[in-house]
Amino acid sequence: MSDAVIIGGGPGGISAALTLRQRGKSVTIVSAGTADSLLYQAERVDNYPGMPGVSGGEMLEQMTRQAEDLGVTFHKGHATSILPMGERFGIAVESDYLEAGCVILTTGVTRGKPYPGESELLGRGVSYCATCDGMMYRNRPVAVIGLREDAPEEAEFLRSIGCQVEYFDRSRARDYRILGEQKVTGLAADGTEYPVDGVFILRPGVAPDMLLSGLETDRGTIVTDREMRTNVPGVFAAGDCTGAPYQIAKSVGEGNIAALSAVKYLDSKKE
């Protein structure tokens, strides 16, 4: 168990982690890596003080090394759910499970709205993690909507355990609809229906309000106060996930504020 788990390893998350470590708190950053990071793909960044002309990848690597040197733990994977449990939180990271005294969301901009039927059938045939839920569909037909770098590997894992996989990537279809009432019965892709028992949607990130039930959002961004507190006690947010402007300096500043607020929250639990 860590004092804080941070979801997202970009500038906002690393800024929060550095501040927490400087205040003596243990920190775990959950990050799937750099392959799907928009900043990592930037060829040149010129508007961040003290680091002129570096690429996005170089900037992230320097920030990550600084966090590691200060004792921040990095846990590789995609967070799929956060569950408040009284004085702590449980965080599912694919097939792994973490616990923390508080959570800071620095998930960036989530690309893509939920598909029709996705929210209604989540947990009843819709899944975000092949490793976690694949065995439930062994020897059964499933669809994989692969929108992130490692999606082909996840689809191959499902095949290896006996699933009958229908794979869709960005080039194959654009319009999806999850079919079924009490459970998934099929997937409609660009008007063609495929009978399946499960649909694995592998995005670079899960929408914040689907990651944490009851989290207040406004048009896809997380609502916070000036202390970067969300409406869920013990959960804070920073960076692009809180809305424009989508700038590194804004993310770093909000990460620092979120961390200071998290320290106050954690210390108040000890009184």
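In this text, all values refer to a predicted model and were calculated from it rather than measured experimentally. We're numbering straight along the sequence, starting at 1.
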Of all the heavy-atom pairs spanning [X] and [Y], show the shortest one and how long it is.
X: I91; Y: A79; answer: CG2-CB, 4.5 Å
X: A262; Y: L20; answer: CB-CD2, 4.2 Å
X: P11; Y: L60; answer: CD-CD2, 4.0 Å
X: V196; Y: V199; answer: CG2-CG2, 4.0 Å
X: F89; Y: I82; answer: CD2-CG2, 4.1 Å
X: T80; Y: L211; answer: C-CD1, 3.5 Å

Using a 4.5 Å cut-off on heavy atoms from C-beta on, say whether the side chain of [Y] contacts that of [X].
X: E94; Y: C129; answer: yes
X: L179; Y: L187; answer: no
X: P208; Y: T107; answer: yes
X: P84; Y: L212; answer: yes
X: V45; Y: M51; answer: no
X: P114; Y: M210; answer: yes
X: V93; Y: H78; answer: no
X: L105; Y: I222; answer: yes

Take D133 and M136 through the side-chain contact (heavy atoms from CB on, under 4.5 Å) test and state the conclusion after the steps.
CA-CA 6 Å; D133 300 328; M136 294 191 296; 3.5 Å; yes
Walk me through it: do I248 and L39 pass the test side-chain contact (heavy atoms from CB on, under 4.5 Å)?
CA-CA 9 Å; I248 299 168; L39 176 58; 3.8 Å; yes
Before you tell me yes or no, could you show the steps for E254 and R226 under salt bridge (charged side-chain N to carboxylate O under 4.0 Å, His left out), namely the whole-Å CA-CA distance, both residues' side-chain angles and the distance that decides it to 0.1 Å?
CA-CA 9 Å; E254 287 188 350; R226 289 180 61 85; over 6 Å; no
Between [Y] and [X], does any NZ, NE, NH1 or NH2 come within less than 4.0 Å of an OD or OE carboxylate oxygen?
X: R124; Y: E181; value: no
X: D175; Y: R177; value: no
X: E118; Y: R203; value: yes

Do side-chain atoms of [X] reach the backbone of [Y] as a donor and acceptor pair under 3.5 angstrom?
X: S160; Y: F157; value: yes
X: S55; Y: E58; value: yes
X: N231; Y: L215; value: no
X: K250; Y: G243; value: yes

Between [X] and [Y], is there shared hydrophobic-cluster membership here, with clusters defined by ILVMFWY side-chain heavy atoms closer than 4.5 Å?
X: Y128; Y: V144; answer: no
X: V184; Y: I145; answer: yes
X: L147; Y: L202; answer: no
X: M228; Y: Y265; answer: no
X: I161; Y: V165; answer: yes

Is it the case that Q247 and Y48 place a side-chain donor and acceptor less than 3.5 Å from each other?
no
Side-chain donor-acceptor pair under 3.5 Å between T230 and E216, yes or no?
no
As an exercise, state the distance from [atom1] of [X] to [atom2] of [Y], rounded to the nearest 0.5 Å.
X: I257; Y: F236; atom1: CD1; atom2: CZ; answer: 12.5 Å
X: R65; Y: Q62; atom1: CZ; atom2: CD; answer: 6.0 Å
X: Q164; Y: R140; atom1: CD; atom2: CZ; answer: 10.0 Å
X: E156; Y: C163; atom1: CD; atom2: SG; answer: 11.5 Å
X: D197; Y: Y137; atom1: CG; atom2: OH; answer: 7.5 Å
X: T106; Y: D240; atom1: OG1; atom2: CG; answer: 10.0 Å

Quick one: do V142 and F200 satisfy side-chain contact (heavy atoms from CB on, under 4.5 Å)? Show the steps, please.
CA-CA 8 Å; V142 300; F200 292 87; 4.0 Å; yes
Give the C-alpha distance, both sets of side-chain angles, the deciding distance and a yes or no for side-chain contact (heavy atoms from CB on, under 4.5 Å) between Q66 and M63.
CA-CA 5 Å; Q66 183 180 358; M63 290 180 172; 5.5 Å; no
Could you check whether F168 and Y194 have their ring centres less than 6.0 Å apart?
yes
Residue pairs meeting side chain to side chain donor-acceptor pair (under 3.5 Å), one or both in residues 18-33, sequence neighbours left out, come to S2-T28, D3-S26, T19-N256, K25-D267
Within a radius of less than 6.0 Å around CZ of R172, do more than 12 heavy atoms belonging to other residues, nucleotides or ligands occur?
yes
